[in-house]
J.: 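There's a structure below that I have some questions on.
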Amino acid sequence: KTAEVYVSMSAHESFGLAVAEAIVAGAGLVASDIQPHREVVRLLGAKRFVLLPGDSAPISLAQAILRTGRQPEERADAERLSWGRVAEETLEVYETVVCRTGHSRC
């Protein structure tokens, strides 16, 4: 909760939970431009973020950190990523898959 900017330049993530936690806590985000990071930014409506190619030059990373840290703090809507909502959306996906297979429950 005290970080100005959270940085994650990972090449692979399954979801990006640490990125989501940082956004909800109000930290700016500088992260690699991979699908899980883009999805978390979209889901949470992040305002203070920069997504960079994973092979960005160190100077580009440093500039992005400075630029993001200077922007005013803005907390994301934590309710958009509550465990209840995650469970509901997961159930919807399972029901869609089951119904596509012609299961009798549909």
Side-chain angles (χ1 to χ4, degrees):
K1 290 187 176 185
T2 61
E4 290 283 329
V5 178
Y6 178 79
V7 179
S8 175
M9 293 302 291
S10 58
H12 304 285
E13 294 280 346
S14 59
F15 174 70
L17 185 58
V19 167
E21 290 174 345
I23 293 169
V24 171
L29 171 67
V30 176
S32 52
D33 189 8
I34 59 175
Q35 181 57 36
H37 292 167
R38 288 190 298 269
E39 185 68 13
V40 170
V41 164
R42 184 189 65 76
L43 279 172
L44 293 178
K47 303 284 189 272
R48 290 179 15 169
F49 71 93
V50 175
L51 299 178
L52 296 171
D55 61 353
S56 292
I59 189 68
S60 297
L61 179 58
Q63 289 170 338
I65 293 168
L66 289 172
R67 194 169 54 246
T68 304
R70 291 182 183 134
Q71 295 173 3
E73 182 178 315
E74 187 167 335
R75 296 194 185 280
D77 181 6
E79 291 304 312
R80 295 181 71 184
L81 198 60
S82 69
W83 282 114
R85 181 169 175 161
V86 169
E88 288 171 9
E89 290 182 7
T90 301
L91 180 59
E92 288 175 15
V93 169
Y94 288 162
E95 287 173 343
T96 300
V97 170
V98 167
C99 290
R100 284 185 186 160
T101 63
H103 194 277
S104 61
R105 289 188 61 188
C106 300

J.: Which Ile, Leu, Val, Met, Phe, Trp or Tyr residues join Val98 in one cluster when any pair of side-chain heavy atoms under 4.5 Å counts as a link?
T.: none
J.: For Ser10, check side chain to side chain contact (heavy atoms under 4.5 Å, CB included) against everything at least two apart and list the hits.
T.: Ser8, Glu13, Ser32, Ile34, His37
J.: Looking at Phe15 and Val40, what are the two nearest heavy atoms and their distance?
T.: O-CG2, 3.3 Å
J.: Residues two or more places apart in sequence or in another chain: which of them pass side chain to side chain contact (heavy atoms under 4.5 Å, CB included) with Ala11?
T.: none
J.: Gln63: which residues meet the side-chain hydrogen bond (donor to acceptor under 3.5 Å, both in side chains) condition with it, sequence neighbours left out?
T.: none
J.: Name all residues meeting the side chain to side chain contact (heavy atoms under 4.5 Å, CB included) criterion together with Ser14; count only those two or more places apart in sequence or in a different chain, and write none if there are none.
T.: none
J.: Would you call Thr68 and Leu29 a side-chain contact if the rule is heavy atoms closer than 4.5 Å?
T.: no
J.: Under the 4.5 Å side-chain heavy-atom rule for ILVMFWY, direct or indirect, which residues accompany Leu91?
T.: none
J.: Test question: given the 4.5 Å side-chain rule for I, L, V, M, F, W and Y, name all other residues clustered with Leu52, or answer none.
T.: Val5, Val7, Met9, Val30, Val50, Leu61, Ile65
J.: Please find the pair of heavy atoms, one from Ser56 and one from Pro53, that lie closest to each other, and give the distance.
T.: OG-O, 2.7 Å
J.: Do you know the tightest heavy-atom contact between Tyr6 and Ala18?
T.: OH-CB, 3.3 Å
J.: Report yes or no: do Phe49 and Leu66 belong to one cluster of Ile/Leu/Val/Met/Phe/Trp/Tyr joined by side chain heavy-atom distances under 4.5 Å?
T.: no
J.: For Glu39, what residues pass the salt bridge (charged side-chain N to carboxylate O under 4.0 Å, His left out) criterion, not counting sequence neighbours?
T.: Arg42
J.: Suppose we screen for salt bridge (charged side-chain N to carboxylate O under 4.0 Å, His left out). Which residues come up paired with Arg38, at least two apart in sequence or across chains?
T.: Asp33
